[in-house]
Amino acid sequence: MPGSEVMTDTTTTDLVPADAASLHGPVIAWFDQHARDLPWRRPEAGAWGVMVSEFMLQQTPVNRVLPVYEQWLARWPRPADLAAEAPGEAVRAWGRLGYPRRALRLHGAAQAITERHGGDVPSDHAQLLALPGIGEYTAAAVASFAYGQRHAVLDTNVRRVFARAATGIQYPPTATTAAERKLARALLPDDESTASRWAAASMELGALVCTARSEECGRCPIADRCAWRLAGKPAHEGPARRGQTYAGTDRQVRGKLLAVLREARGPVPQQSLDAVWHEPVQRARALDGLVADGLVEPLADGLYRLPA
DNA sequence: AAGTCGTGGAC
DNA sequence: TGTCCAAGACT
């Protein structure tokens with residue numbers, strides 16, 4: 001929208017730059033003291049380790065990612081190792097992390113890295129963004145965490161921290177707004193290495209202290225200047241922002257179908273897939289969807305398998 | 001641009 | 001128990 005850049009947002013109490021800078025020190029100092037020792041943060045993880053972790057962490061909790069991440073990197077320590085495998089092996093190794101299309105996209109990204117970038121995860125934001133499964137957030141995260149670059153890294157944790165500390169509201173909007181991106185850029189430290197540190201620190205603060213529910217302001221290094229807390233922590237206004245009932249959806253059927261294929265060694269007969277769901281129309285629709293997504297490969301004689 | 005896409009733990 | 005939530009991407 002032309003003109004939106006210059007519109008003044010009167011509904012928020014965004015910090016002025018001088019206040020913004022005062023956040024960096026306390027948050028980064030807190031991070032130095034309380035950061036979790038996660039495997040993808042260790043130097044030996046490398047850019048590939050960071051990238052794999054970011055794929056797995058999309059909409060999935062850290063604790064569930066940890067074991068799969070370790071197995072994945074032990075088996076495929078470089079992008080070329082994964083690229084040489086059948087995509088179905090990536091889907092199988094993905095296990096029960098959920099959203100298995102991520103496994104397919106990670107495999108595709110590994111192939112693109114092998115073909116276009118000599119087997120090295122690119123450090124350029126635009127080149128990262130061009131890889132399958134990498135959007136604005138993941139491109140910024142890899143560039144920042146793996147290569148120490150200066151990028152606004154706006155994930156759900158950071159958005160919540162900024163919504164509270166800077167804007168004074170309990171929760172950020174459903175979808176990321178231009179105002180949020182602008183705020184994130186304004187809060188980004190000038191120095192590259194400090195900016196990279198800030199990105200990780202503000203994210204960790206949201207993950208450990210400034211959580212969605214039962215936030216712990218007593219442990220927050222910037223509680224004394226948090227706009228939301230200073231306003232008396234007003235409750236979120238408006239309707240509940242979620243409504244994804246899972247039971248009975250196509251997603252549940254897809255999950256059941258894929259679980260059968262994941263646990264089988266070779267091709268599976270149609271009959272085995274039919275057993276997971278009673279309703280034939282929905283079952284067929286789910287299976288068609290999996291085939292269309294490239295997660296399942298139909299063979300002759302009513303056999304199905306993970307993609308070769 | 002609102003819907004779709006898994007899974008399981010916490011309260 | 002049902003609801004909410006978890007380092008989003010894609011169409």
Side-chain angles (χ1 to χ4, degrees), chain A residues 1 31 35-36 38-41 45 49-69 91 94-106 108-109 128-146 151-162 170-178 180 184 199-208 210-215 236 239-262 276 285-286 288-290 292-296:
Chain A
M1 289 291 282
F31 184 65
R36 291 168 291 180
L38 299 170
W40 44 85
R41 286 179 177 164
V50 172
M51 181 174 145
V52 169
S53 78
E54 290 303 335
F55 270 76
M56 293 182 172
L57 288 164
Q58 289 168 6
Q59 302 285 281
T60 306
V62 166
N63 288 337
R64 203 176 312 164
V65 164
L66 283 168
V68 182
Y69 171 87
V91 174
W94 197 254
R96 307 187 66 80
L97 284 182
Y99 293 144
R101 290 187 293 194
R102 290 182 294 165
L104 232 40
R105 290 171 184 152
L106 180 52
L128 287 165
L129 198 54
L131 297 172
I134 295 193
E136 182 59 41
Y137 161 75
T138 303
V142 172
S144 180
F145 301 156
H151 291 284
V153 181
L154 260 190
D155 81 318
T156 185
N157 290 306
V158 175
R159 293 181 62 215
R160 186 174 54 249
V161 169
F162 290 178
Q170 186 178 21
Y171 296 120
T174 303
T176 305
T177 64
E180 285 183 272
S202 53
M203 187 176 306
E204 189 78 336
L205 186 63
L208 297 183
C210 192
T211 52
R213 290 181 293 188
S214 64
E215 69 283 351
H236 173 76
R241 295 146 294 130
R242 275 177 180 63
Q244 53 160 0
T245 51
Y246 178 65
T249 62
D250 285 4
R251 295 161 72 176
Q252 184 183 24
V253 184
R254 286 168 57 106
K256 288 178 175 294
L257 290 170
L258 205 57
V260 171
L261 291 159
R262 235 191 281 114
V276 308
R285 184 172 65 233
D288 285 349
L290 289 171
D293 287 345
L295 285 163
V296 173

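Just so we're on the same page: letters track the sequence lines, and every chain starts at 1.
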Whole-Å distance, A:E180 CD to C:dG8 P, equals 13 Å

Regarding the side chain of A:R213, the nearest nucleotide among B:dG6, B:dG9, C:dG8 is B:dG9

Per atom distances to the A:T156 side chain, the nearest of C:dG8, B:dT7, C:dC5 is C:dG8

Whole-Å distance, A:L295 CG to B:dG6 C1', equals 11 Å

Under a 4.0 Å heavy-atom cutoff, the residues of residues 129-138 of chain A touching DNA chain C are A:P132, A:G133, A:I134, A:G135, A:E136, A:Y137, A:T138

Between the CZ atom in A:F31 and the CD atom in A:E204, the distance rounded to the nearest 0.5 Å is 5.5 Å

Between CG of A:L208 and P of C:dA6 the distance, given in whole Å, is 13 Å

Residues at least two apart in sequence or cross-chain that pass salt bridge (Lys or Arg N to Asp or Glu O under 4.0 Å) with A:R101, listed by chain then number, are A:D293

Check your understanding: A:Y171 side chain N/O closer than 4.0 Å to the phosphate oxygens (OP1, OP2) of C:dC5?
Key -> yes

Out of C:dA7, B:dG8, C:dG8, minimum distance to the side chain of A:Y99 belongs to C:dG8

Side chain to side chain contact (heavy atoms under 4.5 Å, CB included) filter on A:T176, not counting sequence neighbours, yields A:L154, A:R159, A:E180, A:R181

All heavy atoms of A:C210 vs all of A:V161, minimum pair found to be CB-CG2, 3.9 Å

Here the distance between atom P of C:dC5 and atom CD of A:E215, to the nearest Å, is 12 Å

So A:L104, base contact, sugar-phosphate only, or nothing? Heavy-atom distance under 4.0 Å. nothing

Pairwise P distance, C:dA7 and B:dC11 [rounded to whole Å]
15 Å

A:R160 atom CZ is separated from C:dG8 atom C1', nearest whole Å, by 15 Å

Regarding the side chain of A:Q59, the nearest nucleotide among C:dG8, C:dA7, B:dC5 is C:dG8

Establish, with yes or no, whether the OP1 or OP2 oxygen of B:dG8 is under 4.0 angstrom from a side-chain nitrogen or oxygen of A:R96. yes

Walking DNA chain C from its 5' end, the first of A:R105 and A:R41 to be reached, judged by nearest nucleotide, is A:R41

- Is A:R64 near enough to C:dC5 that one of its side-chain N or O atoms lies under 4.0 angstrom from OP1 or OP2? no

Hits for salt bridge (Lys or Arg N to Asp or Glu O under 4.0 Å) against A:R96, two or more places apart or cross-chain, chain-then-number order -> none

Whole-Å distance, A:D155 CG to C:dC5 P, equals 15 Å

I'd like to know if A:R251 reaches the base of B:dT7 with its side chain such that a donor and an acceptor end up less than 3.5 angstrom apart. no

For A:V68, the side chain to side chain contact (heavy atoms under 4.5 Å, CB included) test, sequence neighbours excluded, returns A:M56, A:L97

Per atom distances to the A:P100 side chain, the nearest of B:dG6, C:dA7, B:dA10 is B:dG6

When all nucleic acid strands are considered with a 4.0 Å heavy-atom cut-off, which category describes A:A212: base, sugar-phosphate, or nothing?
sugar-phosphate

note: A:L257, atom CG; B:dT7, atom P; distance rounded to Å ~ 10 Å

Rounded to whole Å, the CG-C1' distance (A:L57 to C:dC5) equals 15 Å

In whole angstrom, give me the gap between the C1' atoms of C:dA6 and B:dG6. 12 Å

- request: Using a heavy-atom cut-off of under 4.0 Å over every strand shown, decide if A:R101 touches base, sugar-phosphate, or nothing.
  value: base

Looking across every strand, which nucleic acid part, if any, lies under 4.0 Å from A:W94 by heavy atom: base, sugar-phosphate, or nothing? nothing

Contacts of A:L258 and A:S214 projected onto DNA chain B by closest heavy atom; the upstream (5') one is A:L258

Q) With respect to the phosphate group of B:dT4, does any side-chain polar atom (N or O) of A:R285 fall under 4.0 Å of OP1 or OP2? A) no

Minimum side-chain heavy-atom gap A:L66-A:W40 below 4.5 Å
yes

In short, A:R160 meets A:A212 closest at the heavy-atom pair NE-N, 3.4 Å

From the candidates B:dT7, C:dA6, B:dG6, the one with an atom nearest any side-chain atom of A:R254 is B:dG6

Would you give me the side-chain donor-acceptor pairs under 3.5 Å for residues 130-142 of chain A, sequence neighbours excluded?
unit_1, atom_1, unit_2, atom_2, d
A:E136, OE2, A:H125, NE2, 3.4
A:Y137, OH, A:E54, OE1, 2.8
A:T138, OG1, A:Q58, NE2, 3.1

